[in-house]
Amino acid sequence: MLNERQKEAVNHIDWPLLILAGAGAGKTHTLTERVANLVLNVGIVPESILCVTFTNKAAREMRDRVGQKLGIEYAQVNPFRQTGAPLVGTFHSMGVYFLRLFIDRLGYSKNFVIFDEDDKVRLIKLILSEKKIDEKEIPAKQIVAMISSAKNDGIDPNGMRRIAQSYVTATAADVYAELEVRMRAMNALDFDDILLKVYELLKLPEVLAYFHGRFAYIMVDEYQDTNEIQYQIVKMLASHTKNIAVVGDDWQGIYSWRGANIKNILHFERDYPNAKVVKLEQNYRSTKTIIEAANTLIKFNRDALEKTLWTDNAQGEKIVEIEAGDEKEECREIVKLVTDSLNEGQNYRDWAVLYRTNAQSRSIEEALISKNIPYRIFGGVKFYERKEVKDTLAYLRLLHNRSDRIGFIRIINVPSRKIGEKSLEQVLDVADDIGADPITAIRHGVDMGIFTGTLRTTLGNFYLMYESLADTARTCSVVELIEALLKQVKYREYLELEYGKEDAENRLDNLKELANLASRYDGMLGGEGLAVFLEDIALITDADRDATGEEVVSLMTVHLAKGLEFTNVVISGAEDGLFPHSRTFLEPKELEEERRLMYVAITRAKQRLYITRARERYRFGTYSANPRSKFIKELPAELMESQVIEPKYQFGAGNWKNGAYSGGSVWGGQSESGTGSYDWLGGRGGTGSTAVVAAARARNNNTADFTVGAKIKHPQFGIGTIVALKEDVADIAFTGENKGIKRLNIKIAPIERV
């Protein structure tokens, strides 16, 4: 069933269409029905439709739904050989398809390989070393990030040189140029190259004309997440028919840090003046309480398109804000929420705990472990990053492409063949001298007597093994190739020798899983199956994770939670400086993105939402007091209920009177002598007295009394000057023994003007 707005989007056939789809508004259902309507009712040829998504998971879901509607078994569809189906995939899988057709126009062979991030970093480290650039001065990962950013903006090495404004940027441009030369020599691309090369291809009139003739209807999901190069590719593909439909939600634009440009969706009507706009505002996921809270929060953003989510679902329970003393107490309360719900018939899989930064997961893990609660962390060590898997894939890549020098360097000594660095250099020097790949260089060096003694024998045996496996790769399935590979290189024996039998078995289980994944390609010819298998693995990204169906509590960052939903959601660490992150305080655009991130977190919940925070948190080696997140303050008070977990600090015979404490001792991190003092605003440590604790707890300063430049006095830190001020939080530069800048909440800190 479609609601009226969804029908409006489905039935709009020609000319530009912007579908503004709020969280949980059924956008995938709408896109699927639109494709079905174009084919079944309008008579559009299926293969003239291109649907682009951002994750493999979303692409699989759309293919499944479109396949059911049109009676297509997508598992049997080969876009190079069969027609009768819309092309549905991610930007990068679409890009690889385009490149397999035409990359020879750019001077590459069609059997190119795709390097992963680790391979790229390794190659850049090699380039830096050869250029005598100290990695301590300019880290390889910084260079990688700068080059990636340039590629996502469609900038080549020369363009990067032209805009370089510093030594580091100019160095990155030089490394970028050398990287291009070496990648081309290896017939290799990295993940960013895929779209950059597509962009270059589409600039060729005959290539663009081919795709204009192929695709008359283009649909793009999650349009708010497109970067500059994706935007340009879509614009070029749609420039002929203008039959472009984009779906997105500017309220969920949270990826500017990886190049996404929110203006692409905000300015869609400027790019396409005759565009029709359809707003999908009915939410099918969450309670009224959750939707009303999300609406109220996001309206604080100025840079946003107008819409208002609503739902026919029940009002639901209030959002619960939980204030704990510290992060350990906060985590104990999260665990208590989960265990209490089990008595109500709920399951572990009904729960997700979301956090702003990965570092927060440790305390949550410890609390779950202490109660034997099963959990799964998303975004940890990924399957394809495990050593044994990367080793096997490096062998497979080298068998697919003899020019893959990085793959060769990785596996030439795995298992150990006692080929040292100098011997490896000798092989690579021969390859450079004759202008050939490393495998050919080995054959040449053995035949010509360049390699002698034990090295000659070792390399000769490696060459024979390689050629034997290459024959297997041409004629057998990927599974059979993996089995033959592991047997010939004696990989089991290598793992047992390196890691012991028990660990080796676990690693072999991972390789069995890799073979299981490879079995999906059994229906293809040997070489073709290997090519597609390697291609699919190379296109897997961080976003390709499934909403777990396991009986576990899910832990993940809010960024990874986008696109998922859970019965109960806990948003942890809702404190200024953490969520929103401190680096966004002074940049309105960045703060708006943080608010969109909170909006995404809130709208993951279907029934119950909890927001937790700690009055103090141990970070970067010290305790700090944490003001309540400004985002909590922006939520409607009538939709909230508050739970304050009283601190477990015990006072002796003394008592509180008129806002002051007198007599007795303090337990819980404070002794009468003051050793290990606790100041309730910034940290433990140093010397102090119970009076400091009492003064701090009794404070309720008028923040208007404090301005930038004001001199203040603190009973523990001494005299200081306010150097920055944002709402209740001040950066104060102290002198004397406590010299340095401390960030304090001036509303509660025991400070006074001097």
Side-chain angles (χ1 to χ4, degrees), residues 20-25 27 53-55 57-58 90-91 145 148-149 152 220-228 230-231 246-268 283 285-286 290 293-305 307 309 352-358 360 378-379 541-545 547 554-566 569 571-574 576 578-585 587-605 609 611 629-631 634-635:
L20 279 178
K27 66 181 178 65
T53 69
F54 267 83
T55 67
K57 175 177 176 287
T90 65
F91 269 101
S148 179
S149 179
N152 285 329
V220 184
D221 193 11
E222 304 288 5
Y223 193 66
Q224 78 280 350
D225 292 336
T226 51
N227 60 29
E228 179 63 23
Q230 291 161 340
Y231 167 80
V246 304
V247 185
D249 182 4
D250 58 305
W251 293 358
Q252 296 187 68
I254 58 174
Y255 293 118
S256 69
W257 50 276
R258 69 182 190 196
N261 189 347
I262 193 77
K263 290 182 179 178
N264 292 347
I265 191 168
L266 295 176
H267 294 168
F268 185 82
N283 176 281
R285 175 189 300 156
S286 307
I290 292 169
N295 272 331
T296 302
L297 174 80
I298 204 65
K299 294 298 174 86
F300 280 88
N301 275 5
R302 293 182 178 181
D303 209 0
L305 298 173
K307 62 180 178 293
L309 282 188
V353 183
L354 311 182
Y355 34 82
R356 178 63 180 83
T357 65
N358 280 307
Q360 293 169 250
F378 289 77
T541 68
D542 287 349
D544 296 316
R545 76 286 174 212
S554 297
L555 309 182
M556 67 188 78
T557 64
V558 183
H559 281 101
L560 280 180
K562 187 170 178 286
L564 304 180
E565 58 182 44
F566 298 89
V569 168
I571 304 171
S572 61
D576 277 354
L578 189 56
F579 197 4
H581 200 282
S582 57
R583 65 170 174 260
T584 68
F585 284 169
E587 278 293 332
K589 287 185 178 179
E590 291 186 14
L591 186 58
E592 289 206 354
E593 180 155 330
E594 286 288 292
R595 189 174 285 109
R596 293 194 293 269
L597 193 60
M598 178 61 84
Y599 171 86
V600 167
I602 289 171
T603 53
R604 298 313 92 197
L609 176 63
I611 304 178
S629 170
K630 64 175 76 275
F631 296 152
E634 292 171 357
L635 298 176

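Note that the coordinates shown come from a computational prediction; the quantities given were computed from them, not determined experimentally.
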Take E593 and R596 through the test salt bridge (charged side-chain N to carboxylate O under 4.0 Å, His left out) and record every step on the way to the result.
CA-CA 5 Å; E593 180 155 330; R596 293 194 293 269; 3.5 Å; yes
Check [X] against [Y] and note the closest heavy-atom contact, atom names and distance.
X    : Y    : answer
K307 : D250 : NZ-OD1, 2.9 Å
F579 : L597 : CZ-C, 3.9 Å
T53  : T55  : OG1-O, 3.2 Å
N227 : N264 : O-ND2, 3.7 Å
I265 : L305 : O-CD1, 4.1 Å
A561 : R604 : O-CD, 3.3 Å

From [atom1] ([X]) to [atom2] ([Y]), nearest 0.5 Å:
X    : Y    : atom1 : atom2 : value
L555 : L354 : CG    : CG    : 9.0 Å
L309 : R285 : CG    : CZ    : 10.0 Å
Q252 : D225 : CD    : CG    : 8.5 Å
N358 : M556 : CG    : CE    : 11.5 Å

How would you list, by chain and number, every residue that makes a side-chain contact (heavy atoms from CB on, under 4.5 Å) with [X], sequence neighbours excluded?
X    : answer
A294 : Y599, I602, T603
A25  : L280
S629 : A574, D576, P580, F631, I632
S149 : D153

Taking S286 for the side chain and A605 for the main chain, is one N or O donor matched with an acceptor at less than 3.5 Å?
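Between the backbone of A605 and the side chain of S286 there is a qualifying donor-acceptor contact (under 3.5 Å).
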Distance-only, no hydrogens or angles: does the Y355 side chain make a donor-acceptor pair with backbone N or O of I571 under 3.5 Å?
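It does not hold such a pair.
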If the condition is salt bridge (Lys or Arg N to Asp or Glu O under 4.0 Å), which residues does E634 pass it with, not counting sequence neighbours?
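Expected list: R595.
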Using the test salt bridge (Lys or Arg N to Asp or Glu O under 4.0 Å), find all partners of E594 that sit at least two apart in sequence or belong to another chain.
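With sequence neighbours excluded, E594 shows a salt bridge (Lys or Arg N to Asp or Glu O under 4.0 Å) to R356, given in chain and number order.
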Any chance you could lay out the side-chain hydrogen bond (donor to acceptor under 3.5 Å, both in side chains) test for E228 and Q230, step after step, and finish with the verdict?
CA-CA 6 Å; E228 179 63 23; Q230 291 161 340; over 6 Å; no
T226 versus F54: any side-chain heavy-atom pair under 4.5 Å?
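Result yes, sub-4.5 Å side-chain heavy-atom pair found.
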Under a 4.5 Å cut-off applied to non-hydrogen side-chain atoms, are Y231 and N261 in contact?
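No, too far: nothing below the 4.5 Å cut-off.
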Report the C-alpha distance between Q360 and L578 in whole Å, list the side-chain angles of each, state the deciding distance to 0.1 Å, and finish with yes or no for side-chain contact (heavy atoms from CB on, under 4.5 Å).
CA-CA 10 Å; Q360 293 169 250; L578 189 56; 3.7 Å; yes
Does K263 NZ have over 12 foreign heavy atoms under 6.0 Å away?
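Not more than 12 within 6.0 Å, no.
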Any chance you could lay out the side-chain contact (heavy atoms from CB on, under 4.5 Å) test for R258 and N152, step after step, and finish with the verdict?
CA-CA 9 Å; R258 69 182 190 196; N152 285 329; over 6 Å; no
Is there a side-chain contact (heavy atoms from CB on, under 4.5 Å) between M598 and L635? Walk through the geometry before answering.
CA-CA 11 Å; M598 178 61 84; L635 298 176; over 6 Å; no
State whether F585 and K630 meet the cation-pi test: NZ (Lys) or CZ (Arg) under 6.0 Å from the six-membered ring centroid, and within 45° of the perpendicular axis.
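Flagged: K630 positioned over aromatic ring of F585.
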Is the closest basic N to carboxylate O distance between K27 and D221 below 4.0 Å?
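A salt bridge links K27 with D221.
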Evaluate the ring planes of Y255 and H559, with Trp represented by its six-membered ring, and classify them as parallel (under 30°), tilted (30 to 60°) or perpendicular (over 60°).
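If you compare the ring of Y255 with that of H559, the planes turn out tilted.
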